[in-house]
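Report on the structure given below.
The figures here come from the full heavy-atom set of this structure, side chains too, leaving out hydrogens, waters and symmetry mates.
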Amino acid sequence: MDDTRKLEKEFNRIKKSTFLTLQQLGVPTVELENDFINSNIEAGNVRALRDFIWYQFNKHLQREAKDSDLQSRIYYAMAMFRFNYEEGKDVDRLKQQSIDAKKTHYKISQTGTGVVMDAKIYNSIKNCCPECTADDGKAFDLDEFLDSDRLPHKNCTCEGFGCGCSFGVVARRDENGLLIFIENDTKPTTSNKPLKTKSTSTMLQNEGAKSILSIFNVFKKKR
């Protein structure tokens, strides 16, 4: 296979993968395709394609400036893009921005719920390092966690992408499975009837974990 065909194959592979990710993040398909046509990028011009995709990520960040939860997912996708196609440039910074945006989302959305909430850490990468493994599935008081710098793990030794940990938010329950509420005097109290307990994976999916995992799976490739 000559160099031109190799470049075209790489071009098409990157375009297919990243366009799918952008669409999953909510970029309108028609707008994306029209922007690409108007850019007049020649097939095989991988550098120009990468620049175009990076522009689309930043354009979508601006469009969704008021949705910090979605911005968290966009930043994470940007980190994966940089890791896979641009030699890992700024990956750590982008992962931190993803976590920070998610914290902002929960600082706003959990205000006044009246229920005691916890942050629960999960890891989307298999065979992770001891530090990430030790925290996987652990729950922390939400307010304390949001003010901490626990994620991304500073001492992570995972190969490649590094720390892929994120977090979801779950309601705290007592030993009987009852939700714990905060009364006006800030003393916790429990609900008067049991509610069905969902698995950790189900609860985290409801809080956006499924979206993060889908982004990771789209970008994941054999190394």
Could you tell me whether the side chain of [Y] reaches within less than 4.5 Å of the side chain of [X], counting heavy atoms only?
X	Y	result
Y75	R73	no
I74	L61	yes
S17	Y85	yes
N34	V30	yes
F81	I53	yes
I14	V46	yes
S166	K102	yes
L22	L32	yes

[X] side chain vs [Y] backbone, donor-acceptor pair below 3.5 Å:
X	Y	value
N84	M80	yes
H60	L25	yes
S98	L94	no
D174	N176	yes

Least distance between heavy atoms, [X] atom then [Y] atom:
X	Y	value
C132	H153	SG-ND1, 3.5 Å
D118	A139	CB-CB, 4.1 Å
I180	R173	CD1-C, 3.7 Å
T21	A77	CG2-CB, 4.0 Å
D136	Y122	OD1-CA, 3.3 Å

**Q.** Ring-face cation contact, F161 with K95, 6.0 Å cut, 45° max
**A.** yes
Q. Can you list the residues that meet the side chain to side chain donor-acceptor pair (under 3.5 Å) rule with R150, with sequence neighbours excluded?
A. D135
Could you work out, with side chain to side chain contact (heavy atoms under 4.5 Å, CB included) as the rule, every residue matching [X], not counting sequence neighbours?
X	value
D67	E64, D69, L70
D141	D143, E144, R172
Q96	I99, D100, P152, K154
R93	D90, Q97

Q: Could you tell me which residues satisfy ring-ring contact (aromatic ring centres under 6.0 Å, His included) with F145, sequence neighbours excluded, listed by chain and number?
A: F167
Q | Residues in ring-ring contact (aromatic ring centres under 6.0 Å, His included) contact with F36, at least two apart in sequence or another chain | A | F19, F52
Q | Counterpart residues, salt bridge (Lys or Arg N to Asp or Glu O under 4.0 Å), relative to K16 (two or more places apart) | A | none
Q | Electrostatic pair E10:R13 at N-O distance under 4.0 angstrom | A | yes
Spacing of [X] atom [atom1] and [Y] atom [atom2] [to the nearest 0.5 Å]:
X	Y	atom1	atom2	answer
Q56	M78	CD	CE	11.5 Å
D92	C163	CG	SG	9.5 Å
K107	L146	NZ	CG	6.0 Å

Q) Just wondering, more than 12 heavy atoms not from N127 lying within 6.0 Å of its CG? A) no
Q: Any pair with a residue in residues 36-60 that passes salt bridge (charged side-chain N to carboxylate O under 4.0 Å, His left out), sequence neighbours left out, goes on the list, sorted by first then second residue, please.
A: E31-K59, D35-K59, R50-E86
Q | side-chain contact (heavy atoms from CB on, under 4.5 Å) evaluation trace for I121 with L151 | A | CA-CA 9 Å; I121 294 177; L151 294 181; 4.1 Å; yes
